[in-house]
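These notes are about the structure you will find just below.
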Amino acid sequence: MNGKQHYVIAGFIAVCIAFASAMAYAGSYTAGSVYLEGKGGVYGSSTPKINVAYSYGAEVGYFLADDFSVGVEMMGYAFDQEKRVGTSTRFSPVNALGSALTGRWYFAHTDAGGVYMGAGIGGLFGDGRVPYNGYYSSLTEHAELGFSLTMAEGIDLHGAGRYMHIGEFNNSGADLFGGNLGLNYSF
């Protein structure tokens, strides 16, 4: 990861922490509510095989209990990665589709917004190997810390810093660090 990617990731985490500090008292996200969210994101990688990854897609979810939701996301991914062959390096972009099941706990919020943490598991299916020495299909795991900012009744702006792991926990897997921003509609 280059220096610019570190600054972007650190800046996004700082924004999440600032929102968490500003909204630190509990309220309630009501059981039985349904939400739909469109979102996009950018990720840097701890492996030199992936330069940057972009995500775009949607999530639909349901609040099982007050302050606890479960969502299913369907995302498209674009990976900018480099393939090393001998001493040369080749550009090797990959497009992929991914789905994941995510649980979230909104641990602090007001009428103006809230702060949540979540974790999930899913799969990634690419038109190439991710990373280049990995697999076409891989298991993914993720953890996130995020905020929601109320824009109007039933419409929130969501942002999250996210860690995502793709594939095996060895040289053929990848760790991604970044975040996503989305518009959430709940009813």
Side-chain angles (χ1 to χ4, degrees), residues 1-17 20 37-61 69-105 115-147 158-184:
M1 222 176 344
N2 66 32
K4 289 181 184 178
Q5 290 171 332
H6 285 232
Y7 288 122
V8 169
I9 292 168
F12 192 80
I13 291 169
V15 168
C16 287
I17 292 170
E37 180 176 339
K39 57 185 168 181
V42 178
Y43 299 87
S45 177
S46 64
T47 175
K49 299 171 206 149
I50 298 174
N51 296 327
V52 66
Y54 303 97
S55 67
Y56 49 91
E59 179 176 342
V60 62
S69 71
V70 173
V72 175
E73 66 180 26
M74 294 298 293
M75 303 293 284
Y77 292 91
F79 293 92
D80 174 16
Q81 58 184 16
E82 295 176 359
K83 182 175 185 178
R84 289 168 177 73
V85 179
T87 57
S88 67
T89 301
R90 291 189 219 152
F91 179 66
S92 177
V94 173
N95 294 306
L97 292 175
S99 62
L101 180 66
T102 303
R104 286 193 186 91
W105 173 45
V115 181
Y116 62 87
M117 68 173 114
I121 190 166
L124 183 75
F125 311 95
D127 64 359
R129 297 175 187 270
V130 179
Y132 70 83
N133 64 332
Y135 300 98
Y136 288 91
S137 301
S138 297
L139 181 68
T140 62
E141 306 87 19
H142 64 267
E144 62 187 10
L145 174 64
F147 66 89
H158 275 205
R162 182 181 268 196
Y163 160 77
M164 183 172 160
H165 180 79
I166 299 171
E168 298 180 3
F169 286 93
N170 60 24
N171 192 29
S172 65
D175 293 313
L176 304 178
F177 299 91
N180 55 56
L181 195 61
L183 196 58
N184 181 294

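Throughout, numbering of the chain's residues begins at 1 and tracks the sequence.
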Non-neighbouring partners of His165 that pass ring-ring contact (aromatic ring centres under 6.0 Å, His included), sequence neighbours left out: Phe169
Side chain to side chain contact (heavy atoms under 4.5 Å, CB included) partners of Val70, counting only residues at least two apart: Leu64, Phe68, Leu101
Pairwise distance CG(Asn180) to CZ(Arg162) - rounded to 0.5 angstrom: 5.5 Å
All salt bridge (Lys or Arg N to Asp or Glu O under 4.0 Å) counterparts of Glu37, not counting sequence neighbours: none
More than 12 heavy atoms of other groups within 6.0 Å of Tyr163 OH: yes
With Ser55 via side chain to side chain contact (heavy atoms under 4.5 Å, CB included) - residues at least two apart: Tyr43, Met75, Tyr77
Nearest-0.5 Å distance that lies between atom CD in Gln81 and atom OH in Tyr132: 9.0 Å
Straight-line distance of Ser99 OG to Leu124 CG, nearest 0.5 Å: 9.0 Å
Nearest-0.5 Å distance that lies between atom CD in Glu59 and atom CZ in Arg104: 4.0 Å
Gly159 versus Tyr116, closest heavy-atom pair with distance: O-OH, 3.7 Å
Contacts of type side-chain hydrogen bond (donor to acceptor under 3.5 Å, both in side chains), residue Thr140, not counting sequence neighbours: none
Heavy-atom side-chain proximity of Thr47 to Asn171 below 4.5 angstrom: no
Residue pairs fulfilling salt bridge (charged side-chain N to carboxylate O under 4.0 Å, His left out) with at least one residue in residues 118-141, sequence neighbours excluded: none
Lys39 with Glu144: basic N within carboxylate O range, under 4.0 Å: no
Contacts of Tyr135 that satisfy side-chain hydrogen bond (donor to acceptor under 3.5 Å, both in side chains) - sequence neighbours left out: Glu168
Residues in side chain to side chain contact (heavy atoms under 4.5 Å, CB included) contact with Leu183, at least two apart in sequence or another chain: Met151, Ile155
Minimal non-hydrogen separation, Pro131 against Gly173, with atom names: CG-O, 3.8 Å
Closest contact, heavy atoms only, Tyr136 versus Gly128: CE2-CA, 3.4 Å
For Ile166, the option from Ser45, Ser172, Ser138 that meets side-chain contact (heavy atoms from CB on, under 4.5 Å): Ser138
